[in-house]
Amino acid sequence: MASSDSEFNPDLLLAHKLPETRSTYNERDVAIYALGVGACGQDAVDSDELKFVYHENGQEHIQVLPTFVSLFSLGSLTHGLDLPGFKYDPSLLLHGQQYIEVYRPLPSKASLINKVSLAGLQDKGKAAILEIETRSYEQGSDELLCMNRTTGFLRGAGGFSNSYQPFSYKNYPSTQSLAVKIPQTQPSAVCEERTQPSQALLYRLSGDYNPLHSDPNVAKLARFPRPILHGLCTLGFAIKAIIKCICKGDPSTVKTISGRFLATVFPGETLITEMWLQGLRVIYQTKVKERNKAVLSGYVDIRGLSSSL
Ligand SMILES: CCCCCCC/C=C/C(=O)SCCNC(=O)CCNC(=O)[C@H](O)C(C)(C)COP(=O)(O)OP(=O)(O)OC[C@H]1O[C@@H](n2cnc3c(N)ncnc32)[C@H](O)[C@@H]1OP(=O)(O)O
């Protein structure tokens, strides 16, 4: 249950305006992010992955992984948001889902203005689901580059509304549901990659400094035996695998990405991503090999490929 000082006030909450944030990045940030999601982590000269880290004609030609844009949604989210009319324990906050739309090829450097809004809040009884939407515009041209919808799973913060009429608010169509059905057929492709024991320590250098991923004491307070991997790092591994196996290595074919974090990943574990190509949609599921446990599932919509698998 939400704590007693947390009088739920939907009018106050839904009227609340979240502040704009700014993001500036360059080729170095792009490369550090790619290393953080395992680019060249198994093979330093892998031609499918080197292009995200290095370019022979200069770093301005480096390619940007589409999941890089998830960094623009971080703002103050990683430690939780201060919201009027709704209180929760930020130490129990988990990343539940991420939905991304990329509208045009990503430049290797840019300055962006991020417009942030509350996209959803649901009372699930034992937990609350909080969704924040971030629309990122290129400074100068004001062109919309991408949109992120970040879902927080707030353990212990549910039960703030009537159990016979749970509170549910969403400002986007129900067709954008992120829960996918995994096909029972053989996957079109499978990719296996080992994360490093230091993976979260490297990934956090891209700007997600939540100590849940680095500090053993903070991890224990959050009820984990040791620091866990960032959900967005696992998502980065999975989408990089799909670009390699299905998109012929071309990151600009990725239009939409959805992912639901099903279970926690510990740095050092091996990720196996299975993918099913269905028209222009790739359904995927990532499992931890050592525990045979599904940790992430979702879909990727692609812009079109010259031939099918
Ligand atoms: C504001 C956003 C801030 C985000 C940043 C927060 C900082 C943390 C960063 C991280 O990276 S944390 C690491 C990545 N995340 C994880 O490791 C989470 C992995 N997932 C889980 O551990 C579990 O799935 C869960 C989230 C604890 C939920 O499991 P549980 O068994 O408690 O739920 P259920 O009983 O199955 O379902 C209850 C209810 O909630 C819906 N639901 C379930 N999982 C999710 C999810 N991942 N995202 C969104 N919603 C979820 C589920 O559909 C049920 O709803 P109803 O069907 O009853 O309506």
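For ligands, and for the atoms within them, numbers begin at 1 and follow the listed sequence.
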Below the 3.5 angstrom mark, is there an N/O of [X], backbone or side chain, next to an N/O of ligand 1?
X      : answer
Leu229 : no
Gly231 : yes
Ile129 : no
Lys124 : yes
Lys126 : yes
Gly96  : yes
Arg155 : no

Where does the angle between the aromatic ring planes of [X] and [Y] fall among parallel (under 30°), tilted (30 to 60°) and perpendicular (over 60°)?
X      : Y      : value
Tyr203 : His230 : tilted
Phe266 : Phe224 : perpendicular
Phe8   : Phe167 : perpendicular

Go through the steps for Ser70 and Gln98 under the test side chain to side chain donor-acceptor pair (under 3.5 Å), then give the verdict.
-> CA-CA 8 Å; Ser70 63; Gln98 189 78 10; 5.4 Å; no

Quick one: do Lys255 and Asp301 satisfy salt bridge (Lys or Arg N to Asp or Glu O under 4.0 Å)? Show the steps, please.
-> CA-CA 6 Å; Lys255 207 163 73 164; Asp301 287 335; over 6 Å; no

Ligand-residue contact atoms, ligand 1 with His230, heavy atoms, under 4.0 Å |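 In order of number, 11 (O).
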
Which atoms of ligand 1 have any heavy atom of Leu93 under 4.0 Å away?
->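 Selected atoms, number and element: 6 (C).
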
Counting heavy atoms only, which part of His213 comes closer than 4.0 Å to ligand 1: side chain, backbone, both or neither?
-> side chain

Mind checking whether Asp208 contacts ligand 1 via backbone (N, CA, C, O), side chain (CB onward), both or neither, at a 4.0 Å heavy-atom cut-off?
->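 No part of Asp208 comes within reach of ligand 1.
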
Just checking, Arg204 and Tyr209: is the charged tip under 6.0 Å from the six-membered ring centre and within 45° of the axis?
->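 Pair Arg204/Tyr209 does not count as cation-pi.
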
Report yes or no: is the cationic atom of Lys240 (NZ for Lys, CZ for Arg) under 6.0 Å from the centre of the six-membered ring of Phe52, at an angle within 45° of the ring normal?
->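 No - Lys240 does not lie over the ring of Phe52 by the 6.0 Å and 45° rule.
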
Are Thr21 and Phe72 side-chain neighbours, meaning at least one heavy-atom pair lies under 4.5 Å?
-> no

Please verify whether a non-hydrogen atom of Ala263 lies at under 4.0 Å from ligand 1.
-> yes

Is it true that Lys289 and Glu192 have a side-chain N and a carboxylate O under 4.0 angstrom from each other?
-> yes

Checking heavy-atom distances from atom 44 (N) of ligand 1 to each of Gln98, Gln122, Glu131, Arg260, the winner is Arg260

